[in-house]
Amino acid sequence: MPTQNKEARSEMNAWFILISIWVLFSFASSIFVNSETISYSKFLSCLDAGQIESVAVAAHELTGIYKGQKKHFITLRVDDPQLAAKLTAQKVTFEAIPENDFLKALASWVVPGLLFICILSYVFSRAAKDGLGTGLMSIEKNPARIYKEDKVKITFRDVAGVDEAKEELQEVIGFLRDAEKYSRLGGHLPKGILLVGPPGTGKTLLARAVAGEAGVPFYSISGSEFVELFVGVGAARVRDLFSQARKSAPCIIFIDELDALGRARGLNPGGGLDEKEQTLNQLLVELDGFDPRQGVVLLAATNRPEILDSALLRAGRFDRHVLVDRPDKLGRVQILEVHLRGVNFDPSMSVEYIASSTPGFTGADLANLVNEAVLLATRRNAECVQIDDFNAALERVLAGLEKKNRLLNLHEREVVAHHEMGHALVSMTLPGADPLQKVSIIPRGISALGFTMQRPTEDRFLMSRQELQDKLTTLLGGRAAEMLVFEDISTGAADDLSKATDIARSMVTRYGMTKTLGPIAYECEPAQFLSGYPINAYSDPHRFSEETSYQIDCAVKELVNNALERALKILETHIGILKHSAQQLLTKETLTQDELISIKVSLDQKNDELLANADNSPAAGVDQEISNPHVDASCGTSSIR
Ligand code: ADP
Ligand code: MG
Ligand code: ZN
């Protein structure tokens, strides 16, 4: 194609030169021939004065020569029947000439055409200069969307808490640095490596760190960018990405958010079906024709591996999966240290304490937390960031911003105070509940009117039935307190109720924790991250009879009702403390850890008696593995939305 193009262009250039010469000549001749344009009346007066030697009469104009001078004149013709008679009278030689229409036609038709061709060829040649091959036809090769980084500055030092993943990728780095050593025995790397993990755990960061460690160029593109208006554009872009990368091997190709592109075919409803399939097919083709020995390593990341097309995951394609999971406590300490590197913080501050208060946080959450704390410290003009800034930032992240000027009337404040103390007291009396950090009735966030914050002491991966029941009881403590003190109930418990119902439902349908329904999983795990993939995310959720469905509802209701009964019993026993501490909360708005501990001391005096009275302590031991404990640290009282 390019050579053919060149020939065509030189031919075009020759034409261009010829035409310009012709235009120049005709232009020049009209300038150099000494002629003037005069009016018809002037022509007549010159004629009468006998100054004119000869005239040529054309259809629309008269040209002639003045007598004695070599000067031409032109005048437009007026309808004048006596012209011939006048000319004869003055003895002027005159002749009629046919109009030369041809040249005019040529000028009016050919010149714009030529001009157009010239502009076109200019555009083409410009595009060719930019290295885009066939000029106009290369829209799809627009490289702007392919993000190339030659010198990646991020290294493994910037990624913490994902040691297993780092170890797996160490091999890739070794290969990129010295491909020969790895192919010595004929082995090669897996073709594609898929980083799998929940959002914000550092998958993108990790991929860039691999490029940084190996010191190779990093080509990245996000799966969502393949979603194109024009069919075939995405596929062409995949082809282009691979061909560009091959040229600069060794290098890394990174496809972020692979799920946007590699969604199982035939499942996406609505439009875009053809386009996505074509793009995916092209990716599969490139993967098959892709020789890892060329020194190109293909990385991809996704947080929804369960919806990926199985053709992408089969052996020989993205067959190596590296799990990038939420960090454990030690990992969180390391991640916090990474993000605290540039921060001026109080050296007596315990990073470990922050890490232990943030189970379930991802790297991105922790980065955000550090930033919030720094902002808070900046706002109070502090010398350095203190642990209190972190506590405030954590509250902010978990419960939302304080809304001090949201006005609640007196009665509402009382309800909220008793509600929150209900949660607090119930959780204090239950063994093994996380210690309370703070109880507050300052409205926060979009809808919380108050909150009770527990500080988790350790990461939890398993929860027993007893613990789940305790959790239910704590959740219903708010409603129970309202019932006891006000003999009426409010909408404030809406959020608690929906959380409690979710837990109870899971106990019945997923963990098999009720006697009547037995150890049967009636529902699949929610199609969240890594809940035992590959699952069929589109399977029918109702795999049971109407009868079973009814029983499930009854069992859920029973669990929640029992929890409410239990909370009511606990609070009834301690009604004096409840009322007293609620008053305390009303005056102070926030009860801190120390104040809560002194309340707990007075509670403990009655505790033994209460434990003996508690009727609902079924034998624990039906522990279930919970893949995603999601210990939430806050419990808000919601307002009417
Ligand atoms: P993902 O691609 O998994 O959704 P990212 O790699 O985009 O997450 O992470 C977002 C940000 O969170 C990073 O830029 C980094 O600041 C922070 N982060 C996430 N994980 C880590 C980690 N393991 N170590 C350090 N920082 C992290
Ligand atoms: Mg990412
Ligand atoms: Zn509540």
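FYI, side chains are in, hydrogens and waters are out, and symmetry mates aren't considered; it's all heavy atoms of this structure. Whatever order the structure lists them in is the order used to number ligands and atoms, beginning at 1.
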Look at [X] together with [Y] and state whether they make a salt bridge at an N to O cut-off of under 4.0 Å.
X	Y	result
D256	R208	no
R320	E171	yes
R413	E589	yes

Nearest-contact summary for [atom] - protein heavy atom, Å:
atom	answer
atom 25 (C) of ligand 1	D158 O, 3.3 Å
atom 2 (O) of ligand 1	T204 OG1, 2.6 Å
atom 27 (C) of ligand 1	L205 CD2, 3.6 Å
atom 12 (O) of ligand 1	A364 CA, 3.2 Å
atom 18 (N) of ligand 1	G363 C, 3.6 Å
atom 24 (N) of ligand 1	A160 N, 3.0 Å

N/O/S of D495 less than 2.8 Å from the Zn ion (ligand 3)? no
Determine the minimum heavy-atom distance between H423 and L475, stating which atoms define it. CE1-O, 3.0 Å
At a non-hydrogen distance cut-off of under 4.0 Å, which region of I335 contacts ligand 1 (side chain, backbone, both, or neither)? side chain
Regarding ligand 1, does [X] bring an N or O atom to under 3.5 Å of one of the ligand's N or O atoms?
X	result
G200	yes
V162	no
V159	no
G202	yes

So do the side chains of L591 and M421 get within less than 4.5 Å of each other, counting heavy atoms only? yes
First locate atom [atom1] of [X], then atom [atom2] of [Y], and finally report the distance between them rounded to the nearest 0.5 Å.
X	Y	atom1	atom2	value
L394	I354	CG	CD1	9.0 Å
N391	Y353	CG	OH	4.5 Å
E467	Q469	CD	CD	11.0 Å
T201	N303	OG1	CG	8.0 Å
L308	H321	CG	NE2	8.0 Å

Rounded to the nearest 10 degrees, what's the angle OD1 of D496 makes with NE2 of H419 at the Zn ion (ligand 3)? Could you check? 140°
Considering the heavy atoms of T201, write down every atom of ligand 1 situated less than 4.0 Å from one of them. 3 (O), 8 (O), 19 (C), 20 (N), 23 (N)
Run the numbers for me: atoms of ligand 1, each under 4.0 Å from some heavy atom of P199, listed by number. 4 (O)
Check: of K203, H339, E337, min heavy-atom distance to atom 3 (O) of ligand 1 comes from K203
Evaluate whether atom CD of E352 has more than 12 neighbouring non-hydrogen atoms of other residues, nucleotides or ligands under 6.0 angstrom away. no
Could a heavy atom of A301 be found less than 4.0 Å from some atom of ligand 1? no
